[in-house]
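This one's a predicted model, so the numbers in the text were calculated from it and none came from an experiment. Note that ligands are numbered from 1 as they come in the structure, with each ligand's atoms numbered from 1 the same way.
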Amino acid sequence: MRRLNRRTIAHAAAGVLAGVVGMSVAHLTAALLTPASSPALAVGTAVINATPTPVKEWAVRELGHADKPILIGSVLLATIAFAAVIGVVARRRLRLGVLLLAGLVLLPGAAVVLQPLFKASDLIPTLVALVLGPAALVVLTRALNAAEEHTPGQTPEGPTVHPTDAESGGLSTRRNVLIGFGALTLLSAAAAAGGELVVRSRTAIANLKLPRVGKPLPALPTGLEETYDGISSFRTPNRDFYRVDTKLAVPIVDQDSWTLTIDGDVERELTFSYDDLRERENVEHDITLTCVSNEVGGKLVGAARWTGVPLKDLLEEAGIGDRADQILSTDVEGFTISTPLEAALDGRNAMIALGMNGEVLSRTHGFPARLVVPGLYGYVGATKWVTKLTLTRYDAATAYWTDRDWATDAPIKLSSRIDTPRPLSNIPAGRTVIGGVAWAQQHGVAKVEVRIDGGRWQPAELGPDAGIDYWRQWYLPWVAEEGSHQLAVRVTDRDGTLQSTDRATPFPEGSSGIQDIVVTVG
Ligand SMILES: Nc1nc2c(c(=O)[nH]1)N[C@H]1C(S)=C(S)[C@@H](COP(=O)(O)O)O[C@H]1N2
Ligand SMILES: [Mo]
């Protein structure tokens with residue numbers, strides 16, 4: 001019985017290894033071509049796209065930044081479980097096993113085909129898996145079956161068998177099993193590591209300089225973070241800037257073949273190359289980006305100096321028709337975002353950004369170009385890897401998030417955050433500061449107030465001002481006495497609007513409410 005189990009396990013392992021060989025070599029192939037066409041990632045993306053909004057909200061809230069690794073991990077685990085069963089089936093019915101494994105590969109193949117901008121070459125990684133997976137299964141199953149045939153003594157009480165020809169044959173067949181498993185394990189490891197290396201090297205952007213800016217802004221003033229530990233930097237360093245998108249593989253876009261097209265309700269369709277945009281007069285704007293999924297007190301907000309081309313200029317060159325009320329933007333993979341046309345024309349600093357904080361846009365933040373619209377949550381105004389702006393109507397076309405019931409138009413709600421002390425932290429008694437950031441894009445921060453232990457609202461000192469679209473740092477000196485304390489913060493914008501106390505979840509149009517934290521002193 002024990003031997004039977006061990007054999008079953010060996011065949012399950014053969015199935016798993018066959019699956020892993022297929023996936024890892026396909027992943028490497030995809031890394032060389034289009035990373036998102038990796039079968040494992042394509043399934044993950046399909047799952048993301050099919051997940052109902054409430055479940056996604058729950059996942060983002062409960063899993064935070066781990067949501068994507070957990071998703072990919074689940075896809076891999078499910079694949080491995082299926083592959084193990086297939087390995088066991090293949091022991092006696094090799095042909096059926098091969099068919100089942102091919103089926104397991106065709107599933108992600110379907111996910112690849114269903115991607116919006118599918119092109120035939122995206123199927124190459126799937127085909128690689130389709131050949132290698134079953135081939136590995138055949139090799140390993142045959143080697144195992146051969147070794148089993150040569151292994152004597154099926155019964156525990158069987159007669160003692162002396163070394164015979166059969167046994168020495170058993171040794172060489174067992175060696176074949178080891179060689180087969182060893183070689184394929186090495187191949188998978190090498191392919192997986194190679195895929196990672198290829199993606200990393202392709203992600204680096206070599207030798208590109210930021211375009212020249214016509215009228216550069218004065219340097220950003222020194223922020224409060226220099227004086228008070230724990231307050232967010234006035235400018236969010238690019239490496240710390242939050243990242244939110246639907247993609248499991250960062251698109252690798254070649255700037256020489258990339259173009260930005262303006263079409264739809266325009267007088268003339270226009271297409272710009274990367275160099276066209278770089279050679280135009282570029283501008284700089286300080287803009288704080290915020291994600292609609294940011295909870296009160298959350299981290300999905302970042303402040304940067306963006307370099308790029310005014311959106312209005314590009315649209316006016318194309319000639320804006322009189323029917324459009326929406327800009328439907330499309331990214332390199334066919335993902336869409338809808339933005340009110342009004343936001344491009346009402347005088348705010350909406351732009352096609354090529355640079356962020358003095359550097360060429362990174363691939364994670366949308367290289368070669370992205371939309372940035374101050375005052376709107378990212379999901380309705382910050383399309384990364386953008387390739388097309390279509391002037392259309394809300395009643396004629398919908399976009400990815402609005403199809404998932406998020407609000408159509410979504411101005412960023414004014415909000416404030418306590419960065420220091422941290423919620424639920426322990427701090428020593430004595431002189432300290434309470435500090436953080438507050439934002440009210442398009443209106444500007446006028447006042448930040450802090451409430452300690454339910455007392456009166458006390459005005460905080462504000463940090464430097466970089467315009468209405470940029471956050472303000474704030475702090476309040478505090479002599480902390482031993483015990484438990486409750487700290488709250490609220491912001492008022494320059495129009496006199498006070499941050500709302502009404503608690504709202506991020507879905508469907510952004511969170512609201514006041515951050516109220518507890519800290520222990522002494
Ligand atoms: N192509 C594309 N652009 C996108 C998204 C996306 O999923 N795909 N997510 C949007 C959302 S929800 C936000 S909040 C911002 C985040 O930009 P960042 O990742 O540079 O911070 O990008 C927006 N642009
Ligand atoms: Mo977002």
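- In this structure a side-chain-to-backbone donor-acceptor pair under 3.5 Å is present from Arg422 to Asp419.
- Applying the side-chain hydrogen bond (donor to acceptor under 3.5 Å, both in side chains) test to His27 and every residue at least two apart in sequence or in another chain returns Ser38.
- Pocket lining of ligand 1, defined as residues with a non-hydrogen atom under 4.0 Å away: Phe241, Tyr242, Arg243, Val244, Asp245, Thr246, Leu289, Cys291, Asp331, Phe335, Ile337, His365, Arg370, Gly378, Tyr379, Ala382, Thr383, Lys384, Trp385.
- Relative ring orientation between Trp406 and Phe507 is described as perpendicular, the plane-to-plane angle rising above 60° on a 0-90° scale split at 30° and 60°.
- Using a distance-only test at 3.5 Å, with no hydrogens or angles considered, no donor-acceptor pair links the side chain of Thr34 to the main chain of Ser37.
- Every residue meeting the side-chain hydrogen bond (donor to acceptor under 3.5 Å, both in side chains) condition with Tyr400, not counting sequence neighbours, appears here in chain and number order: Asn49.
- Judged as a ring-ring contact (aromatic ring centres under 6.0 Å, His included), and not counting sequence neighbours, Phe82 has no contacts.
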